[in-house]
Amino acid sequence: MVTIQFYPLDIGHETDESGKAVIQLFGRTVDGKNICVFDESYLPNFYVIPKNNKIEELKRRIDKIKKEDYKVVESKIVDRNYLREPVKAILVFADKPISIKSIVEEIKGFDETYLVKESDIPFDKKYLIDKEITPNILCYVEGEVLLERQDLDVDFVIKTKEVKQIYTEEFSEPKVLAFDIEVYAPKGRYPHENKDPIIMIGFASNDGFRKVLTWKKYGNAEDYVEFVDDEKKLMWEFKNTINKYNPDYIVGYFSDGFDFPYIKTRAKKYQINLKFNNHSLRINKRGNISTAKLKGISHIDIFKFIKNIMGGSLKLEDYSLGNVAKELLGKEKHDVDLNRIGVVWDNGSKDIGKYCAYNLQDAILALELCMKLLPSLDELVKLVNLPLYDVCRLSYSKIVEKHLMKRAKEMSEIIPNRPEQGVISTRMTHTYEGAFVFKPEAGLYENISVFDFQSLYPSIVVAHNICVTTLSDKNEGHESPEIILESGEKIRRHFSPKKEGFIPAVLREIITRRIRVKEMLKIDRDNKVLQARSYALKTVANATYGYFGFFGARWYCRECSESITAWGRSYILKVIESAKDQGFKVIYSDTDSIFIALENKTKEEALNFLEKFNQSLPSLMELDVEGFYPKGIFVSKKSESSGAKKKYALVDEKDRIKVVGFETIRRDWSYLAKEVQRKVLNIILKEGDTEKAYDYVREIIENIKDKKVDINNMIIQTQLKKSIESYQVEGPHVFVAKKMIEQGIDVDVGSVIRYVVAEGKGRVRDRAEIPEEAKTYDADYYINNQIVPSVERIFDVLGYKKEELISGKKQKTLGEF
DNA sequence: ACATACCGGGG
DNA sequence: GTGTACGGTATGT
């Protein structure tokens, strides 16, 4: 018997041939050793709530369930709450995870069964909930050393009957290793994992380790460069480097979707089994989304977290590493021409060194992004009780749900089920009156102040006790403002004040904790942990409203959503009215934010208004400054039927452009179209010269007409997502791909097909040509389908019609412009 | 009008 | 892994 203290970092389970599962907790001991703990005490389980008083009878029937390949091991009658009402439930333990489905099915057939709950939570996740174990927090374990499990390649393997989390100490000094790969690509073609080798892999760790592995020797290589013989050796060294460095976290940027899947494919080619801590690299593919998991090492794809969670508040133009690093770290990628990577590699010149430096820099940026966001991730781990691996891939709704699940357990609440597909469909078809949107008057504005309620919805939920558990037929105290239903009927919703609802209770705790954290931050302004804690609490609180109306939610409540927005509208309208009263020009408002054009007023006056207004609000509510923007353009969306949606671009005081709701720059647009949109926004927002922007577009259009624009700028790229034969609808890229195959050019699933639209009539695909063969392009197509659509709505705002852009004849009706 | 296919991130 | 994104846009039928 040994006792040991360790930080659980990752969880998994191992099943034997019969399907019996044992939980495995991977982690670090206090003195930095790798450990794997097998918790043999845990059995898959779920609740059955009886329909009537025949609970004993139901229990007896459940206990008898025993078939060849599944059985009930044990059951207990327990006191719990379900949606805040006390219930007697039967807690059923199954022999193995895969038995759950069959047992549940059998029990559902019993007359006495009313509800089956918590049978839809993954085994590992349910373990953490049931045992109330928070990853990254110190645990104590008493057990036996399993000597025969040398294969796990950790320092200790412990078999135990109990893992206790009796401490609060956090795992605070992880070894973090970031990596990035560079891939060979012939000129003008995007690399393909079946054809193009990995030529270099860069590593960067938080304790200063730097290395670039590559397999073509060149002179005067930097110290960090290490040469290997070939791609196969590169794969081996990749694996060795990771195993030798032995990181707690391995980090990449889009490594779920690119680096790891690519590595896996290349390794397979050489029949190398990539094992880390003796566990193979697993790539899970769901549709287009892949995730890469290394059992025992937490793989953080920092891109996922930035895109899913951080992105919302950052308002980034796009999520490319270069852009994100610039915004978050103030650092740049190295400037190399990736289109030449294949050429340089083939030449074998010392220019390869530039690519090595580029490679290393990308790994460093991924590392630094991770280190910067790690405090926030750590705080979220504690709120949702999931390992870092899961936390960095969560969506907003999942953050809320997992936090609710954790709190449910602590409050003896049985967790509701995930909705079935049919229920989801029904939920999706029902709409309700959403947030108040003050339609922006499309236009160009100067000196814009943006204020928003940081905790409008959460505080409404708490203040009015809004919850699926408090929804009531009669007015007992909390009556919502008027709500207009789909049918047109006007009603008010009621929430009982008698008992605090489950979600209001959870939220109240979150909000009061955040207030305490903010108090502490006033004294200790630069405390990164407190900042991260405040951020994590804010994230959970703010996402809760959306959760009520999210069709996949366990605690779904449409009536709650309706009521929250109804109350929300009444508050934001108050802000709008009072801003107008004070003589401010309100240009836009959506949900919980308000955009004010300062016009002849000063920033100070706006801040005074804010301060005054805040004094009139209930204590938990606060209108905050989101930002000041010297210039902004508001554009109306094409389909105005469903209300004006957000679509605007702002330039902030640091001359950075924030674009919201515009078509993002995509690969299937020509380079020219992307460039034109970007440049037009820049001229308008940074230079404030609409005439210049108009002239710029006119010049481009004339150049296109005169065929002065290089054909390379006209290339449209589209990827083949499936095999050529399986296309029902053949787009231009499929047609071109066929032409390429005829010419013996190697084209496969995943190939990015480049084409140019040539002159002529009829379908686009009939005119699509391989760029190298195309002599000229269809000017009208590019003007009408690429250039004009990319800027049309921007110019619409400025009072130019689409026709003017094309013809050059101004019909500008001077009005407000 | 409706259906189908692609974008993102990554080289 | 006790699962299967999403919202928007272009092209073809």
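Values reported hereafter were calculated over all heavy atoms of this structure, with side chains retained and with hydrogens, waters and symmetry mates removed. These numbers come from a predicted model, not from an experiment. Order of the sequence lines sets the chain letters (A, B, ...), proteins ahead of strands, with each chain counted from 1.
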* To do: Please step through ring pair (Phe, Tyr, Trp, His ring centres under 6.0 Å) for the pair A:Tyr396 and A:Phe550, ending with a clear verdict.
  => CA-CA 10 Å; A:Tyr396 270 110; A:Phe550 167 56; over 10 Å; no
Which nucleotide, [options], lies nearest any side-chain atom of [X]?
X        : options               : value
A:Pro789 : B:dC7, C:dA10, C:dG12 : C:dA10
A:Thr718 : B:dG8, B:dG11, B:dC7  : B:dC7
A:Pro191 : B:dA5, B:dG11, C:dT11 : B:dG11
A:Asn284 : C:dC6, C:dG3, B:dG11  : C:dG3
A:Arg282 : B:dG8, C:dT11, C:dG1  : C:dG1
A:Lys722 : B:dA5, C:dC6, B:dG10  : B:dA5
A:Phe254 : B:dG9, B:dA5, B:dG11  : B:dG9
A:Phe550 : B:dG9, C:dC6, C:dT9   : C:dC6
A:Asp180 : C:dT11, C:dT9, B:dG11 : B:dG11

* Asked: Taking the same atom, C1', in C:dC6 and in B:dG9, what whole-Å distance lies between them?
  ->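 One C1' to the other, the span is 15 Å.
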* Mind checking the C1' distance from C:dA5 to B:dC6? Whole angstroms is fine. ->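 Between the two C1' atoms, the distance is 14 Å.
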* Whether A:Trp555 and A:Tyr547 hold their rings parallel, tilted or perpendicular, with breakpoints at 30° and 60° ->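 Rings of A:Trp555 and A:Tyr547: tilted, as their planes differ by 30° to 60°.
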Taking only N and O in the side chain of [X], is any of them less than 4.0 Å away from OP1 or OP2 of [N]?
X        : N      : answer
A:Arg765 : B:dA5  : no
A:Asn785 : C:dT9  : no
A:Arg763 : C:dT13 : yes
A:Tyr262 : B:dG9  : no
A:Lys285 : C:dT4  : no
A:Gln728 : B:dT4  : yes
A:His733 : B:dA5  : no
A:Lys304 : C:dA5  : no
A:Lys721 : B:dC7  : yes
A:Tyr755 : C:dT11 : no

Please work out if [X] contacts a base, only the sugar-phosphate, or nothing of the nucleic acid, heavy-atom cut-off 4.0 Å.
X        : result
A:Asn417 : nothing
A:Pro44  : base
A:Pro122 : sugar-phosphate
A:Tyr70  : nothing
A:Lys333 : sugar-phosphate
A:Phe46  : nothing
A:Phe303 : sugar-phosphate
A:Tyr727 : sugar-phosphate
A:Ile181 : sugar-phosphate

Whole angstroms only, please: what is the [atom1]-[atom2] distance between [X] and [N]?
X        : N      : atom1 : atom2 : result
A:Glu792 : C:dT9  : CD    : P     : 12 Å
A:Arg340 : B:dG11 : CZ    : P     : 18 Å
A:Asp778 : C:dT11 : CG    : P     : 12 Å
A:Phe551 : C:dA5  : CZ    : P     : 9 Å
A:Asp301 : B:dG10 : CG    : C1'   : 10 Å
A:Phe179 : B:dG10 : CZ    : P     : 14 Å
A:Leu720 : B:dC7  : CG    : P     : 9 Å
A:Glu401 : C:dG3  : CD    : C1'   : 13 Å

* Asked: Do A:Phe179 and A:Phe260 have ring centres separated by under 6.0 Å?
  ->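 When the ring centroids of A:Phe179 and A:Phe260 are compared, they turn out to be within the sub-6.0 Å range.
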* Would A:Tyr262 and A:Phe258 count as a close aromatic pair, with their ring centres under 6.0 Å? ->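 Yes, they do, as the ring centres are separated by less than 6.0 Å.
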* Atom of A:Ser255, atom of A:Pro261 and distance for their closest heavy-atom approach ->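 So the minimum-distance heavy-atom pair works out to O-CD, 3.4 Å.
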* What heavy-atom pair brings A:His733 and A:Tyr727 nearest, and what distance separates the two atoms? ->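 Here A:His733 and A:Tyr727 meet closest at NE2-OH, 3.8 Å.
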* Find out whether A:Lys195 and A:Ser751 are in side-chain contact, i.e. whether some heavy atom of one side chain is under 4.5 Å from a heavy atom of the other. =>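 Of all side-chain heavy-atom pairs linking A:Ser751 with A:Lys195, at least one is under 4.5 Å.
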* **side chain to side chain contact (heavy atoms under 4.5 Å, CB included) evaluation trace for A:His299 with A:Lys293** => CA-CA 6 Å; A:His299 167 216; A:Lys293 180 138 175 111; over 6 Å; no
